[in-house]
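Have a look at the structure below before the remarks.
Just so it is clear: chains get the letters A, B, ... in the order the sequence lines come, proteins before strands, and each one is counted from 1. Just so it is clear, the values below take in all heavy atoms, side chains as well, and ignore hydrogens, waters and symmetry mates.
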Amino acid sequence: MDQLGNLLEGFSVALTPMNLVFLVIGAVLGTAVGVLPGLGSAMAVALLLPVTFSLDPTGAFIMFASIYFGGLFGDSTSGILLNTPGNSSAIATSFEGHRMAKDGRAAKALGTAAIGAFMGGMIATTLVVFFSPYLVRLATLFGPAEYFALAAFAFVAISAVVAESVVRGLIALGIGLALAMVGIDGQSGAARFTLGMPEFFDGISIIVVTVGLLAMGEVLHVASRIHREGSATRVTTQGSPYLNWREFKQALPAFLRGTSFGLPFGAIPVGGSEVPTFLAYGTEKKLAKRRGDTMFGGRGAIQGVAGPEAAGNATAGTAMGALLALGLPTSATAAMMLAAFQQYGMQPGPLLFERSADLVWPLLASLFVGLVILLIINLPFASVWAKLLLVPKHYLYAGVAVFSVFGVYAIASSMKDLWLLVAIGVLGFVMRRFAIPLAPVLIAAILGPLAETELRRALAVSEGDVGILVASPISVTLYAIMAIAILISIVQHLRHRRAAAL
Amino acid sequence: MKKTILTVAFAAVTAVLVLAATANASSAGGGATARSKLTLLAPAAPGGGWDGFARESQQALRANGIVNNARVINVPGAGGTIGLGQVAQMDGREDLLLATGAAMMGGIELSTADVSFDDVTLIARVADDYNVLVVPKDSPYETIDEFTAAWAADPGGTAIAGGSLGSIDHLLSGLLGREIGIDPAAVNYVAYAGGGEVLTSLLSNTASAGISSYNDFRDQIEAGSVRALGTSAAEPVEGIEVPTFIESGYDVEMSNWRGYAAPPGISEEARQELVDIVTEMHATPEWDDAMSRNRWSDSYATDGEFQDFIDTESLRVASIVEELGL
C-alpha cells in the first residue's frame, strides 16, 4: 500500500490553509466559467493559466485540479435550468434535467447533478490512484479496428434517443454528419465542403455546434413564443436540492451505471465525455421504459440526470489518469492540462511518479479535496441557481445569447465562428419548429468522424483487408453485443405490435 | 429577495464582462507600444506547440519586465495559416508578435489561401527541437538499417504513424522514404492528432513505426516502452543519445524550429524594437530554464540569417510536399 502512504502525504500538502484557499478559488472560478455557454474547463484552465504563474508549482497544480472538475460541475447548470447546455459534455444531462426544472424540481435536478458529478469523480480518482498502470493498458489494447467497433456500438446503443420518429431522426443524423464532414480530411488532405475558405479547414468546432443548436436555438425558440405563452408556464422553484432516502435509492444505481460507462472512456482517445454521457442517458431511458416509468421523458426522472452526470465526471477522472501515466490527452481539457504541466517542468509519462512525486501526490490528493469542496459549494447553491428562473424570460435569454457569443468568440477569436453560431442557431430554431430531435445531430457530429477516421486508419494499416475489422476479441465482442441488442429490440418490437393488434 | 437576486445577477454579469473584456482586448490594442503592451499571437489552440512556445516567452518577458504587459491570444487553424493570414492583414501594427515555425511551412504549402512568409515581417528564429523515429519495444527492428530494409521491401505494409498531414512528422517520413528509394507518395502514413495518440498506436501495435517530436517520446524511450532508431537533428544534440539520421548514413535532417514574425508595413524602428525584445527575452535565465525543460536547442538567428534560412527551407518543404502528393 505504497500509494496510500504517498497519498496521505499528498493530503498533508493539499490541506494546508493556503492551498485550501487556492482549491476554493479554483473551484469557484471553474464552476463560474463552466456555467457560461461555450466556456468549458479547457477554457477555464487556459484563461487562468497566467494567473497561476505567480504561484509555486504545488499551489498552481492544486488550483488546476479544482478548476478541472469545477468546469464539469458548472456546465450542466445552464442546461438544466434553461435547456442551454454550456458544453457538449452536459447535453445528455439537459434532456431530463430541464424536464425536471419545468416540473418545478430545478433545485433537485441541480443537486442530483452535483452528487452525480461528485460520485463519478470520486470513484474515478480512486481508481486512478491505485490502478493507473492497468488503466493505461486499456488504451494500448485499442487499435483503429477496435475504435471503429466501439463507435458502431455507440451509434446503436444511443439510437434510443433517436427512436421516436425514424424519418426525423435520420434527417437530424444527416445534418450532423454534414456538419462534421466540413474541413480538411485528416487522412487524405482533401478539403471537403470548405467553399475554398481556409477558415473552414479545421472544420466546425463541436462547441459552436452545441452552443448554436442548443443555446442560440433555444433563445430564438423562446423569443418566438414569449407573447403566446405569457406567464402561464411560470415555474415554481421551491424544493430542496438534497435527495431524500427514496430518491437516493432510485438514483444510486444510475450513478454507478453512469460511472462505469465513464471510467473506460477516460483512458482512450475518443473525444472526451460526450459518448459515455449519451450511452448513460440511453441506458437510463431504456431501463425506464422497461420499468414502465412515465416520469422519464415526461416530468423528468432523476435517473436521467444522475447517470450522464456521473459518467461525465468519471471520464474526466480517468482522463487525468491517462494524462499522468501516459502523457495521453484524451480530451481538450486534458490537452490544456498537459501544456500547463509541461510549463512547470512536469512531463507526464511513465517516469512521472518517480521524478515528480512531490507534485503528483499533492495533485491527486487535491483532486479528492477539490471534489469535496465542489460538492459543498454546489449543493447549497443549487437552490440559489434555481432562483435564476425567477428572472423574467426576456432578460434571462438575452443574457444567454450574449454569453453564448462571448463564449464562442473566446475559443478562437474568429468572426467566422460567430456567423456560424447565428446560422446554426437559426437551424436549431427551425428544427424545434418542425419537431426534429437535436440530439442525433450532436451524436452524428461526434461519432461520425470518429467512425470514419478509425475505419480508414484500420484499412490503411491492413492495406485494404476488411478482415482486420473482426480480427481481435474486443471488436468481435462489441459486434456480438450489438447484434444481440438489435435482435432483442426487434423481438420486443414485434411482441408490442402483436400485443397492440390483439 | 428579488432585489438580492438582481444584485447577485448584476455582480455576476459585471464580473464576467470584465473577464470577457480582458480576454478580448486584442482589438483595443491600438496606440500601445510593444514595450508597454505586447500581444503574442499563437496560431494554435491552447495546449498546442506554438501555444506552449508563446506562453514560455510570455513568462520570460513578464518575469524580467522586458515588456510591461505580455499576453497570449490563440488563433488556431489550418496549420497556423489562419493566424498568419490575420497578421498579414494587420498592416503597420507594431505591438504584436506571431509565433511561427516549421509546421507553418507545411501549412502554407497545403493552404489554398495565398499567404506566405513574404506577407509578414520576420523577426527571429529562437529555438529548435527535433523529431525522432521510434518502434515499439517488441518490434523486430533494432537498428535504423534493419527498419529501412524492411520498409523498402514492403512500403505498403509498413504503416508509419505521425502527426497531421503536412506536419514535420509527415514531411520527414517523405524525406526518409525518398532517401531509401521509396516514392514519398507510396509511404503508408497514418495521421494522428498528436504525439500521445501516435504513442498509443505504437503500443497497440497498429503502426510499425512512429515519428513525433523527441519531447513527446523522451520518457517513453527512457522507460523502454519504445525504441528510438534515429533523430532528425543535423548535428548530435547534447543530452540526446539517439544517433542522428546523418550519423547513420541517411542524408535526412529537419529541425522543428520556432520563432517570431511581426505584421507587415511596420517602421524600421518598430522592427528593431521587436528584435531587441526577443533578443532580451532570449538572454533571460527564465528562457534558459524553458529551453532545458523542453529540450529545445538554441538556434537564435535574426535579420539576414533568418531570412536566408526561411528562403531555402521554404523551397525544400515545397518540393517534398509536392512529392508527397498533397
Please table the atom pairs, donor to acceptor, closer than 3.5 Å between any side-chain atom in residues 454-462 of chain A and protein atoms at least two apart or in another chain.
unit_1	atom_1	unit_2	atom_2	d
A/E454	OE2	A/R457	NH1	3.3
A/R456	NH1	A/D185	OD1	3.1
A/R456	NH1	A/D185	OD2	3.2
A/R456	NH1	A/E452	OE2	2.8
A/R456	NH2	A/D185	OD2	2.7
A/R457	NE	B/A191	O	3.1
A/R457	NH2	B/A191	O	2.8
A/S462	OG	A/A458	O	3.3
A/S462	OG	A/L459	O	3.4
A/S462	OG	A/D465	N	3.1
A/S462	OG	A/D465	O	2.9

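If you tally non-hydrogen atom pairs under 4.5 Å between each of B/A159, B/G156, B/S208, B/A207 and chain A, the highest count goes to B/G156. Ranked by heavy-atom pairs under 4.5 Å with chain A, the list B/T200, B/N205, B/T158 is led by B/T200.
The minimum heavy-atom distance between A/G143 and B/S204, with the atom names listed, is CA-OG, 4.0 Å.
With rounding to the nearest 0.5 angstrom, the CZ atom of A/F142 is 14.5 Å from the CG atom of B/L203.
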